[in-house]
Amino acid sequence: LASVLATHAQKGLPAFGIYGHDVVEADDSTIGDDIKEKLLRFGRAAVAAATMRGKSYLQIGSICMGIGGSIIDSDFMESYLGMRVESVDEVEIIRRMTEGIYDEAEFQKALTWAKEKCKMGYDKNPDFVRKSDEEKEEQFEFAVKMAVIIKDLMNGNKNLPEGCEEEAVGHNALAAGFQGQRQWTDFYPNGDFAEAVLNTSFDWNGAREPYILATENDVLNGLGMLFMKLLTNRAQMFADVRTYWSGDAIKRVTGYDIEGVAKEADGVIHLINSGACCLDANAEARDAEGNQTMKPWYEVTKEDQDAIMAATTWCAADNGYFRGGGFSSRFETTATMPATMVRLNLVKGLGPVMQIAEGWTVGLPADVSDTLWKRTDYTWPSTWFAPRCDGKEGSAFKTAYEVMNNWGANHGAISYGHIGADLITLCSILRIPVAMHNVADKDIFRPKAWDAFGMDKEGADYRACAVYGPMYK
């Protein structure tokens, strides 16, 4: 093993090696737990990397409000991930609506399901900008049709009308993004329904593999979601990393003393966005013991789907943000669940870097959550997140404040479970250095050649990624 790994390193072919901890008897066919863990970690990461190759990211629209994450770098996509970029203007959605280039039977099925399962929430808009009930009904049908059409744009649909053979092919998209703001949302209903439902692990056809559809066409956050979906088979959360609330600030505003993992982190980070998060994140699915959870998509039952939809309301969009109207999903993550938040960033002169923060979603008392929630937008889905912190001076994980202060962008992608170690392995395969993480050293599994780049693991990761470069260069 050592000889093979040394030869691979000498030839510039970084390879993973697994050296078991304990000597065993020659006739012992069992696989040690340490070996199992590394085999599975490599397997998950390798399959994720291979799945992306040859697929595309579909941007519907382009740059959103100057958000850097929506400025797509085609060279990065091609060189690091083996993916290409496909682009269509948002007007393609209108063209397909106008010319009937969609599956009418599926649209009617989707609309029937949506009207039955989607509970309408309240409308906070003042009278002078509030939409009438008739306008809202028209806009709801528009939003459902958007979801149907975006599915077709991503993956194609053999049931499109005759003469639409080109549109029926789709764009072979493993992930996509929708610009929305501002040109679309100033005139048409927002894309929140399509984003939320497609990112969810079920729809009008029942349980199915979740799509990845990034709001504001933030491709870098969409890719973080994609990495984690491929590693876990679970729906992913898209959120603004909006506000850090310290324990003292929460006490001052609400009178509540935080406890548990929130107290250990000296506060929580508010994860909230205008309705694009997967609905699974309200954690109304239940495991075998009845605990709230987010399941792999193929384990989501009809009962889970009904419970998730029952805990979600659809509020009229804030017409100050979205002058064209629309709807935003609204729910609260009330469960304490293990979670991992990531952000992929591009830095000029450096290239791609990844940030990883393991922690937990936190259920706050209802009155406390409501008070804090209303400081942002009470019609958007809300999740409180406490990263796992170390309390060390100078650490990016001293408290939740340092995590927030060191975060590389305004968005984060969040997955159920502590999957930071799997992400680190995947990033090493893709040659993306990890700039910030709170994963234990013992759980880090990278190619053996990384050890030759120094004893400091983060510095060695940067040096190795720089030397080997992207896989598809």
Side-chain angles (χ1 to χ4, degrees), residues 221 224 228 236-274 276-277 281-283 292-294 330-343 345 354-420 423 434-440:
N221 215 53
M228 295 192 291
Q236 301 299 310
M237 302 169 63
F238 185 114
D240 283 351
V241 184
R242 183 58 71 103
T243 312
Y244 162 71
W245 282 92
S246 68
D248 288 344
I250 293 173
K251 174 74 171 178
R252 187 190 76 248
V253 171
T254 69
Y256 175 68
D257 288 309
I258 57 175
E259 54 190 36
V261 293
K263 186 176 182 65
E264 293 171 9
D266 188 28
V268 292
I269 297 172
H270 200 188
L271 304 177
I272 186 168
N273 199 276
S274 60
C277 182
N282 66 25
Q292 291 180 270
T293 188
M294 292 174 65
R330 182 186 184 278
F331 59 79
E332 181 177 5
T333 309
T334 58
T336 298
M337 303 184 296
T340 301
M341 181 170 73
V342 307
R343 176 66 192 187
N345 298 298
M354 178 66 85
Q355 296 178 295
I356 302 169
E358 293 185 341
W360 297 266
T361 62
V362 175
L364 296 176
D367 59 332
V368 174
S369 179
D370 281 359
T371 299
L372 305 182
W373 192 351
K374 289 174 181 176
R375 293 290 186 101
T376 303
D377 195 305
Y378 201 51
T379 67
W380 296 352
S382 173
T383 301
W384 305 103
F385 176 68
R388 186 175 62 245
C389 296
D390 56 26
K392 296 178 181 177
E393 198 64 43
S395 167
F397 289 91
K398 179 185 177 184
T399 69
Y401 169 79
E402 279 74 26
V403 175
M404 176 83 180
N405 196 41
N406 281 278
W407 207 244
N410 58 313
H411 291 153
I414 303 93
S415 180
Y416 176 89
H418 289 157
I419 61 168
L423 283 160
V434 178
M436 168 182 165
H437 73 82
N438 58 349
V439 176

field: Pi-cation contact, F397 with R388 (under 6.0 Å, within 45°)
entry: no
- prompt: Can you tell me how far the CE atom of M237 sits from the CG atom of N221, to the nearest 0.5 Å?
  reply: 11.5 Å
task: Report yes or no: do Y378 and D370 form a side-chain donor-acceptor pair below 3.5 Å?
output: yes
message: Determine whether a donor-acceptor pair (N or O, by modelled atom type, separation under 3.5 Å) exists between the side chain of D240 and the backbone of N273.
response: no
message: Between L364 and V362, does the side chain to side chain contact (heavy atoms under 4.5 Å, CB included) criterion hold? Intermediate values first, please.
response: CA-CA 6 Å; L364 296 176; V362 175; 4.0 Å; yes
query: Do V253 and T371 have side-chain heavy atoms sitting under 4.5 Å apart?
result: yes
task: Rounded to the nearest 0.5 Å, what's the gap from OH on Y256 to CG on D367? Could you check?
output: 9.5 Å
message: Looking at every heavy atom in both Q236 and I414, which two are closest together, and how far apart are they?
response: OE1-O, 3.4 Å
- prompt: Does any N or O in the side chain of W245 come within less than 3.5 Å of the main-chain N or O of A249, such that one atom is a donor and the other an acceptor?
  reply: no
message: Are the side chains of F331 and P381 in contact, using a 4.5 Å heavy-atom criterion?
response: yes
- request: Quick one: pull up CZ in R330 and CG in D377 and give me the separation to the nearest 0.5 Å.
  value: 9.5 Å
- line: Smallest heavy-atom separation, G412 atom then V241 atom, equals N-CG2, 3.6 Å
message: Could you tell me if the side chain of K251 sits less than 4.5 Å from the side chain of D257, heavy atoms only?
response: yes
field: Note, V342 side chain near M354 side chain (heavy atom, < 4.5 Å)
entry: yes
field: Taking every non-hydrogen atom, the tightest pair across A265 and P387
entry: CB-O, 3.5 Å
message: Would you compute the distance between atom CD1 of I269 and atom OG1 of T383 and round it to the nearest 0.5 angstrom?
response: 12.5 Å
task: Would you give the length of the straight line joining atom CD of Q292 to atom CG of N282, rounded to the nearest 0.5 angstrom?
output: 8.5 Å
message: Show, in sequence, the C-alpha distance, side-chain angles and deciding distance for L423 and H437, and conclude whether the side chain to side chain contact (heavy atoms under 4.5 Å, CB included) test is met.
response: CA-CA 10 Å; L423 283 160; H437 73 82; over 6 Å; no
query: Does a side chain donor of either S246 or D248 reach within less than 3.5 Å of an acceptor in the other side chain?
result: no
task: Examine W360 together with H418 and report whether their ring centres are nearer than 6.0 Å.
output: yes
- request: Check whether any side-chain heavy atom of R343 sits under 4.5 Å from a side-chain heavy atom of W407, and report yes or no.
  value: yes
field: Intermediate values then yes/no, side chain to side chain contact (heavy atoms under 4.5 Å, CB included), F385 and V268
entry: CA-CA 5 Å; F385 176 68; V268 292; over 6 Å; no
task: Would you mind reporting whether N438 and D390 have side-chain heavy atoms less than 4.5 Å apart?
output: no
message: With a 3.5 Å distance limit and no angle check, can you tell me whether T361 reaches the backbone of M337 through a side-chain donor-acceptor pair?
response: yes
query: Rounded to the nearest 0.5 Å, how far does CD1 of I272 lie from OG1 of T376?
result: 5.0 Å
- request: Using only heavy-atom distances, determine whether the side chains of W384 and S369 contain a donor-acceptor pair under 3.5 Å.
  value: yes
- request: Indicate yes or no: at least one non-hydrogen side-chain atom of T243 is less than 4.5 angstrom from one of R375.
  value: no
field: Side chains of Y416 and M228 in contact at under 4.5 Å (non-hydrogen atoms)
entry: no
field: Shortest non-hydrogen contact between A400 and C389, atoms and distance
entry: N-SG, 3.5 Å
field: Stepwise side chain to side chain contact (heavy atoms under 4.5 Å, CB included) test for W373 and H270
entry: CA-CA 8 Å; W373 192 351; H270 200 188; 4.2 Å; yes
task: Take Q355 and N345, measure what side chain to side chain donor-acceptor pair (under 3.5 Å) needs, and give me the verdict at the end.
output: CA-CA 8 Å; Q355 296 178 295; N345 298 298; 3.1 Å; yes
message: Assess, by modelled atom type and distance only, whether the side chains of S395 and E402 contain a donor and an acceptor separated by less than 3.5 Å.
response: no
